Amino acid sequence: MPMSPLEELRHSASHIMATAILRIWPDAKLDIGPPTDTGFYYDIDIDQKLTATDLVMIETEMRKIVDENQPFLRKEVSREEAVEIIKSRGQERYKLGRLADIPADEKISFYSNGEFTDLCAGSHVRYSSKLKAFKLLSIAGAYHRGDEKNPQLQRIYGTAFPTKDELAAYLEQQEQAKARDHRKLGKDLKLFVIDEEVGQGLILWTPHGSIIRQELQNFISEELRKQGYSQVFTPHIGKLELYKTSGHFPYYKESQFTPVIENESLAKVLAEGCSCAEVYARLEAVSSHLAAQVNARTGKETITPDRVRPNDQLLDGFMLKPMNCPHHIKIFASQPHSYRDLPVRLAEFGTVYRWEQSGELNGMTRVRGFTQDDAHLFCTEDQVAAELIGCLALVKIVLSTLGMTDYRVRIGLRDPDSKKYTGDAANWDKAEAACREAAKTLGVTFAEEPGQAAFYGPKIDFVIKDVIGREWQLGTVQVDYNLPVRFDLSYIGADNQAHRPVMIHRAPFGSMERFCGVLIEHFGGDFPAWLAPEQVRLLPISDKLNDYARALLDRCKAEGLRVTLDEHSDKLGAKIRRAELDKVPYTLVIGQKEADAASVSVRSRARGDEGVLTADAFLARLKTEVATRALPVKKKA
RNA sequence: GCCCAGAUAGCUCAGUUGGCAGAGCACCCCCUUGGUAAGGGGGAGGUCGCCGGUUCAAAUCCGGUUCUGGGCUCCA
């Protein structure tokens, strides 16, 4: 695909940066330097650790190169010539590998500007002087070819625009985005905290944040009742054997918390003087009975003989649950089911724990303990399509109620080359086809992405961007032919025979933590009245009006509203300013006129001064706004 | 986990070549009693993330560590 003019500019900026870097550090080894959605980068390998002052130095050198008005020249060469050019420039460390990536039937080209020459397909601007507005932004580590096992290079990020005004506007917009960041707003509006002593990635929901979460849970619970779901509750832990049956342990052990070992079992292995490796091996081991059971159900050697140990060498323990499905499966399996009962839909706000790498934790959007608005549907194969459509409809209701329209839909398919997926190919094909069909009913465009499936089945994900452009998966709907086999689930069909149900996993929000994080940014802290932690603030103009204000406060509370009274002896302007900064949707100004007429002067955060209403009229209006979960209506400009 | 940068009052931040710990906002008290984004004065608030080292003396220099931020990797 040819580059857009902006990509060309940024790509050229990255070459100009590399030119500058080689002038300063001639020994630098270059890897690649492409344009990105928001700018460009170049990955380089040099011994010296780059710092912010080095960025200034590189920028200064880049400006000189821009002023030199170097032409960008393309030269097509043979593969042999290409190797010679790379070697003559001492860039064989990474560039020879990059050259080898170019397919045999493709042309090999180099681009030169001034003294710099780089293996490059193009394209570029014609002269370096085109680069009028650029800025180097940050230094980061990046593995060569994105593989942890490869050496880590230093990546320099920058951005460039056709004009200085556009660059300034972009930088300004980035600054403004920071004001919407859920981590900043979470602190300012006291929505949540993360305490070092409690642990990284563990969210403490403060009273204000808890109100938002509770309102969201109430909202979705109402929808679930309408759609025939049953609410269940299950504990936060489960025995290791459960996850050996489901297949979660030990295959995903690196992304789970270490198991909790029972005291007696721990004492026993200590008494036996077991090494750490032996303790781990015993944790992962299974009885011959379990191995035989799982292998018989899956029809292949799912659990290999090397994991089987005699019963006295098994070490039992509990796991913090990484998923809710095994618990819900046990509820389904606890009694026989007729085809007439299906679908069974079990819903729970279930808290799960995952060991995310420390460098990946991020506010509320990537955490180690989170609560999914989870449900598992057990249905017949014939019902899969309709249930999938029902699940997607639910996600759409949720997103549209909140005014979140800027999302993309992704169908995660299996990567045919990977072995991490369980279950047989025929079921996978059926499930993937069902997802595709269901997604078509959404009426939005979707992308199919191989390799993005869950290990047990394909999924339909709703992906949304945060303020700095990072994508997060929220709602998800997943088809699963695998766990029903593992747990030998069945229902009695019309033919009086046992049949295998199909499971659907779905979570419209995904997780309460991530969803709230994204929601805070979506609203920029300006929540609709039904979600706002504080819906109304009463602002008496002087202390003399406090009695009327207190009576009104009690009245609002009796009506079920979340309301406070500002009794500070400040002037009205100061009280309004405070309420605005706290993003309270409605403030009621109370002066003598209002007290005399049992009225209030309404100021809304979305629309400003709305004039005087009777207290009755205001309360009726606000209660409707809350009950209908209305979005804030901004004043027309 | 890896690379880079940070951590000072509840919040935002200043703190020079090592020499008594600072400001604004928020909070409390007093004056002020007001009409749609900051009235005035006073007070309280700190083990400078934590542990160790150098020094007569460390917020400041050195080492380690924890956490945070931006990337990379990962994300059932």
Side-chain angles (χ1 to χ4, degrees), chain A residues 36 41 43 49-52 54-55 137-157 178 181 183-184 187-188 190 193-201 243 246-249 251-256 322-326 352 354-363 365-368 412 420-422 452-457 459 468 470 472-473 476 478 480 482-483 505 514 539-546 568-582 587-594 601-605 608-612:
Chain A
T36 67
Y41 66 82
D43 285 348
K49 287 180 173 173
L50 296 176
T51 65
D54 293 325
L55 288 191
L137 299 171
S138 62
I139 306 156
Y143 299 106
H144 173 54
R145 294 184 182 279
D147 189 332
E148 262 181 301
K149 294 182 206 77
N150 286 339
Q152 193 164 44
L153 311 175
Q154 300 191 70
R155 175 173 294 180
I156 303 175
Y157 280 96
K178 280 186 197 162
D181 190 310
R183 291 164 299 191
K184 175 174 166 50
K187 197 182 271 186
D188 290 349
K190 299 181 176 59
V193 291
I194 298 170
D195 185 281
E196 202 176 308
E197 211 167 343
V198 173
Q200 282 184 282
Y243 301 101
S246 72
H248 289 114
F249 189 81
Y251 301 107
Y252 290 91
K253 72 175 177 195
E254 71 287 348
S255 46
Q256 292 164 169
M323 299 185 98
N324 300 302
C325 24
V352 298
R354 299 181 189 179
W355 187 258
E356 304 288 357
Q357 296 191 86
S358 61
E360 195 51 47
L361 297 171
N362 184 278
T365 47
R366 188 80 182 261
V367 294
R368 284 184 172 160
K420 78 170 187 176
Y421 305 100
T422 59
Q452 287 290 331
F455 77 99
Y456 48 74
K459 54 181 189 169
I468 53 176
R470 285 181 296 210
W472 299 100
Q473 177 198 313
T476 182
Q478 312 177 352
D480 183 1
N482 174 53
L483 286 176
H505 309 237
R514 178 176 290 177
L539 309 182
I541 282 174
S542 94
D543 294 352
K544 294 169 192 158
L545 283 314
N546 281 356
H568 289 89
S569 64
D570 285 313
K571 294 173 87 165
L572 180 62
K575 293 186 182 189
I576 287 175
R577 179 181 150 79
R578 217 168 15 239
E580 289 285 340
L581 292 176
D582 289 341
T587 51
L588 301 182
V589 174
I590 295 161
Q592 195 57 51
K593 281 181 285 184
E594 288 77 13
S601 176
V602 180
R603 183 186 164 97
S604 98
R605 179 155 162 80
D609 191 347
E610 297 196 293
V612 176

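On a predicted model such as this, the values are computed, not experimentally measured, just so you know. Each chain gets a letter, A, B and so on, in the order its sequence line appears, and its residues count up from 1.
Side chain of Gln357(A), nearest nucleotide from G1(B), C72(B), G34(B): G1(B). Here the nucleotide nearest the side chain of Ala574(A), chosen from U12(B), U36(B), G39(B), is G39(B). When the nucleotides C72(B), U33(B), C27(B) are ranked by their closest atom to the side chain of Gln152(A), C72(B) comes out on top. Considering only side-chain atoms of Ile576(A), the nucleotide from A37(B), G39(B), G35(B) that sits closest is A37(B). You'll find that the side chain of Arg183(A) is closest to G70(B), out of G1(B), U66(B), G70(B). Picking from G39(B), G35(B), G70(B) the nucleotide with the shortest atom distance to the side chain of Lys571(A) gives G39(B). The side chain of Ala454(A) sits closest to A76(B) out of G71(B), A76(B), U36(B). Each of G70(B), G34(B), A37(B) was ranked by its minimum atom distance to the side chain of Ser138(A); first place goes to G70(B). Of the candidate nucleotides A5(B), C67(B), G70(B), G70(B) has the atom lying nearest to any side-chain atom of Arg470(A). Here the nucleotide nearest the side chain of Leu572(A), chosen from C4(B), G35(B), U12(B), is G35(B).
Two residues, Arg368(A) and Glu196(A), neighbour RNA chain B, and the one matched to the more 5' nucleotide by heavy-atom proximity is Arg368(A). Across the interface with RNA chain B, nearest-nucleotide mapping of Ile194(A) and Val612(A) shows Val612(A) to be the residue nearer the 5′ end.
Side-chain nitrogen and oxygen atoms of Tyr157(A) include none within less than 4.0 Å of the OP1 or OP2 phosphate oxygen of A5(B). A close approach under 4.0 Å does occur between a side-chain nitrogen or oxygen of His568(A) and OP1 or OP2 of C27(B). Distances shown here put a side-chain N or O of Asn362(A) below 4.0 Å from the OP1 or OP2 atom of G70(B). Put simply, Lys49(A) has no side-chain N or O that comes within less than 4.0 Å of OP1 or OP2 on A5(B). Between Ser255(A) and A76(B) there is no side-chain N or O to OP1 or OP2 distance below 4.0 Å.
Within 4.0 Å (heavy atoms only), Gln200(A) reaches sugar-phosphate atoms of the nucleic acid but no base atom. Arg603(A) comes within 4.0 angstrom of a base, heavy atoms only. Contact annotation for Glu197(A): no contact, since no heavy-atom pair falls under 4.0 Å across all strands. Lys593(A) comes within contact range of at least one nucleobase, with a heavy-atom separation under 4.0 Å. Backbone-only engagement by Phe455(A) is indicated by non-hydrogen atom pairs under 4.0 Å involving sugar-phosphate atoms exclusively. When heavy atoms are screened at a 4.0 angstrom cut-off, Tyr41(A) is found touching no nucleic acid atom at all. When heavy atoms are screened at a 4.0 angstrom cut-off, Gly573(A) is found touching the sugar-phosphate backbone but no base atom. In this structure, Gly591(A) reaches the bases: a heavy-atom distance under 4.0 Å links it to at least one base atom across the strands shown. Contact annotation for Ala142(A): backbone-only contact, meaning every heavy-atom pair under 4.0 Å involves sugar-phosphate atoms and none involves a base.
Using modelled atom types, one finds no donor on one side chain facing an acceptor on the other under 3.5 Å when comparing Arg145(A) with Tyr143(A).
Across the C1' atoms, G43(B) and U47(B) are found 23 Å apart, a figure rounded to whole Å. Rounded to whole Å, the separation between the C1' atoms of U8(B) and U60(B) comes to 11 Å. Taking atom P on both A38(B) and U16(B), the two are 35 Å apart, rounded to the nearest angstrom. For the P atom pair drawn from A58(B) and G52(B), the interatomic distance equals 13 Å after rounding to whole Å. Rounded to the nearest Å, the gap between the P atom of A5(B) and that of A9(B) is 23 Å. Distance check on atom P: G34(B) versus C27(B) gives 22 Å, rounded to whole Å. Taking atom C1' in both A37(B) and C48(B), the straight-line distance is 34 Å, to the nearest Å. Rounded to whole Å, the P atom of U17(B) lies 22 Å from the corresponding atom of U55(B).
One can place CG of Leu581(A) at 16 Å from C1' of C27(B), the figure rounded to the nearest angstrom. Look at CD1 on Ile541(A): it is 15 Å from C1' on G39(B), rounded to the nearest Å. Asp43(A) places its CG atom 15 Å from the P atom of C4(B), with the value rounded to the nearest Å. Atom NZ of Lys190(A) is separated from atom C1' of C11(B) by 8 Å (rounded to the nearest Å).
At least one side-chain heavy atom of Tyr252(A) sits under 4.5 Å from a side-chain heavy atom of Phe455(A). The closest side-chain heavy-atom distance from Ser569(A) to Asp543(A) is below 4.5 Å. In this structure, Val352(A) and Pro322(A) have side chains that are not in contact, with every pair of non-hydrogen atoms separated by 4.5 Å or more. In this structure, the side chains of Ile541(A) and Ile590(A) stay at 4.5 Å or more apart for every pair of heavy atoms. Counting only heavy atoms from C-beta outward, the side chains of Tyr456(A) and Gln478(A) approach each other to under 4.5 Å. Between Arg514(A) and Arg366(A) the shortest side-chain heavy-atom distance falls below 4.5 Å.
When both distances must be under 3.5 Å, the Watson-Crick or G-U wobble mate of G34(B) does not exist. In this structure, C2(B) and G71(B) make a Watson-Crick or G-U wobble pair, each of the two defining distances being under 3.5 angstrom. Applying the Watson-Crick and G-U wobble criteria (two distances, each under 3.5 Å), G52(B) pairs with C62(B). Across every strand in view, C27(B) sits in a pair with G43(B) that passes the Watson-Crick or G-U test at under 3.5 angstrom.
Of the possible polar contacts, one joining the Asp480(A) side chain to the Leu483(A) backbone as a donor-acceptor pair under 3.5 Å is found.
Here the rule is side chain to side chain donor-acceptor pair (under 3.5 Å) with Asp570(A), and of Arg578(A), Arg577(A), Lys575(A) only Arg578(A) fits it.
For Gln592(A) against G35(B), no side-chain N or O and base N or O form a donor-acceptor pair under 3.5 Å. In this model, a side-chain donor or acceptor of Arg366(A) finds a partner on the base of C74(B) within 3.5 Å. Between the side chain of Tyr143(A) and the base of G71(B) there is no donor-acceptor pair of N/O atoms closer than 3.5 Å. Between the side chain of Ser569(A) and the base of U32(B), at least one donor-acceptor pair of N or O atoms lies under 3.5 Å.
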